[in-house]
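First up is the structure itself, then whatever we jot down about it.
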Amino acid sequence: MPEDSNEAIWHLLSQYYQMPAPSPLSQAMCQLIAEYATGDDTHYMPQLLAKFLNCELRYHRQVQEFPNREMLSAADIKSLAGKRGIALRDIIEQTKGAAVETDSNEIARQLLLAECYQQIQQPDKVVAHLENAIENGAEEPVVYFALGYNRYRLAIESFAKVLQIAGHNSDAQLISFQKACLHAVSAFENALTGHRSDGEVYEWIGRVLKAAGFEDAGDKAFDKADDLAYSEATGYDLAGSETSEEWAQQLGPITQEEIDQFAELLKRSRDVAELLPDSRREGGE
């Protein structure tokens, strides 16, 4: 890919980072896509990423102009969102059909599809494309963080829909929700880097564990997030505080086998202490 084309991508990305509205997660994902896409000799992925960034920049700039308009209706907002949705779906279709020749190309393609679906609020497809990217070699923490976030979001949305239809929750529905939450936690665990910045990841781990009913383990994660926030603010490491790697080893990565075991235990117990293996129970106290 020509050097000036690479520069154009990074220029667009710089503008995207300066916009106040896009989420830090979206900005970080776009930077990662750019890193994979700018090595694409076919030009397809850089062009598609440029289309996405231009679409999002145009949308957010128009949103920023809304407060300055004397007359603004719900129809105006709906129209702008509709145009953005059409543009993103067009990019999705082009990206699905893009020719890829290397793993780097394929990772960029899967991540861009995930980001497009993120913006049009389809977490099930976001999860599918992030998992595809990981299968092709995307091991960056931001990918796992996005996967954990969207798995949790999908768990919440799916459980809410069941409640709306049934009007109550059964044991089977609760078990399904808890299993989905544990899948989200397993992704968040892979987003840990061992640095002070892991605090936000621990906050999400704690939030998801407590939502699933794992109170002790959730409190443990929140305590670790607080320790890291203090450490990052003061530059002082609390005595006796585990590193992120040590904490993750103590908690242990959540495996598919464990998730299935949890499901069986959930059928017989509502005591969280009984659900956690010994190493997890000790880590949650």
Side-chain angles (χ1 to χ4, degrees), residues 5-38 40 43-100 105-133 138 142-143 145-154 156-158 160-161:
S5 297
N6 282 344
E7 291 177 358
I9 289 290
W10 294 112
H11 178 67
L12 288 171
L13 190 60
S14 175
Q15 294 179 61
Y16 193 56
Y17 261 85
Q18 293 171 18
M19 300 294 290
S23 72
L25 177 58
S26 179
Q27 291 168 334
M29 285 294 293
C30 286
Q31 178 171 335
L32 182 60
I33 296 168
E35 291 171 359
Y36 280 112
T38 50
D40 181 1
H43 297 219
Y44 292 132
M45 292 315 305
Q47 289 174 4
L48 289 167
L49 176 58
K51 284 186 178 181
F52 172 82
L53 290 171
N54 277 314
C55 171
E56 290 300 280
L57 285 168
R58 182 168 56 251
Y59 170 75
H60 288 295
R61 284 168 181 157
Q62 289 177 307
V63 169
Q64 283 184 314
E65 293 175 1
F66 279 167
N68 300 322
R69 294 178 57 178
E70 294 182 2
M71 299 294 294
L72 180 65
S73 67
D76 292 328
I77 299 174
K78 185 176 180 179
S79 175
L80 179 58
K83 291 177 181 177
R84 179 201 192 195
I86 291 171
L88 287 172
R89 286 180 174 83
D90 181 58
I91 294 170
I92 287 171
E93 290 307 311
Q94 293 182 56
T95 304
K96 284 181 177 179
V100 293
N105 293 171
E106 181 60 15
I107 290 172
R109 190 171 76 93
Q110 294 295 336
L111 293 178
L112 182 55
L113 285 168
E115 186 59 24
C116 286
Y117 280 119
Q118 182 78 59
Q119 301 309 320
I120 59 175
Q121 309 296 314
Q122 295 189 26
D124 55 334
K125 294 183 179 178
V126 177
V127 166
H129 288 293
L130 289 174
E131 289 175 345
N132 287 343
V142 66
V143 179
F145 185 89
L147 179 59
Y149 171 79
N150 281 281
R151 279 180 176 174
Y152 179 53
R153 181 180 172 187
L154 189 58
I156 293 290
E157 291 184 2
S158 299
K161 287 179 182 177

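Partners of His11 according to the side chain to side chain donor-acceptor pair (under 3.5 Å) rule, which considers only residues two or more places apart in sequence or in another chain, are Gln15. A search for side-chain contact (heavy atoms from CB on, under 4.5 Å) contacts involving Asp90 returns Gln94, not counting sequence neighbours. Under the side-chain contact (heavy atoms from CB on, under 4.5 Å) criterion, Ile156 pairs with Tyr152, Phe177, sequence neighbours left out. With sequence neighbours excluded, the residues forming a side chain to side chain donor-acceptor pair (under 3.5 Å) with Gln118 are Asn150, listed by chain and number. Ala87 is linked by a side-chain contact (heavy atoms from CB on, under 4.5 Å) to Cys55, counting only residues two or more places apart in sequence or in another chain. Glu93 meets the side-chain contact (heavy atoms from CB on, under 4.5 Å) test with Lys96; sequence neighbours excluded. The side chain to side chain donor-acceptor pair (under 3.5 Å) test applied to Glu131 returns Arg151, not counting sequence neighbours. Not counting sequence neighbours, the partners of Glu115 by the side chain to side chain donor-acceptor pair (under 3.5 Å) test are Ser26, Gln119. For Tyr149, the ring-ring contact (aromatic ring centres under 6.0 Å, His included) partners at least two apart in sequence or on another chain are Trp204.
Atom CZ in Arg109 sits 10.0 Å away from atom CG in Leu48 (nearest 0.5 Å). For the atom pair CZ (Arg58) and CG (Leu80), the distance works out to 9.5 Å, reported to the nearest 0.5 Å. Put simply, CZ on Arg89 and OH on Tyr117 are 8.5 Å apart, with the number rounded to the nearest 0.5 Å. Rounding to the nearest 0.5 Å places CD1 of Ile33 at 11.5 Å from OG1 of Thr38. Between Glu35 atom CD and Trp10 atom CH2 the span is 5.0 Å, to the nearest 0.5 Å.
Put simply, the side chain of Gln110 reaches to within 4.5 Å of the side chain of Glu106, judged on heavy atoms. Side chains of Leu13 and Gln27 form no contact here, defined as non-hydrogen atoms less than 4.5 Å apart. Between Phe52 and Leu88 the shortest side-chain heavy-atom distance falls below 4.5 Å. Side-chain contact between Ile107 and Val143 is absent, with no heavy-atom pair separated by less than 4.5 Å. For the pair Met29 and Leu130, the minimum side-chain heavy-atom distance is below 4.5 Å.
Within the structure, ring pair (Phe, Tyr, Trp, His ring centres under 6.0 Å) pairs that include any residue of residues 14-33 do not occur (at least two apart or interchain). Pairs engaging residues 77-87 under the salt bridge (charged side-chain N to carboxylate O under 4.0 Å, His left out) rule: Glu56-Arg84 [sequence neighbours left out].
Here the closest heavy-atom approach between residue Ile9 and residue Pro46 is recorded as CD1-O, 3.2 Å. Contact detail for Ala37 and Met45: the closest heavy-atom pair is CB-CB, 4.0 Å. Heavy-atom minimum distance, Leu111 versus Ala133: CD2-CB, 3.7 Å. For the pair Cys30 and Leu49, the tightest heavy-atom approach, listed with the atom from each and the gap, is O-CD2, 4.4 Å. Taking all atoms of both residues into account, the shortest heavy-atom contact from Cys116 to Ile92 is CB-CG1, 3.5 Å.
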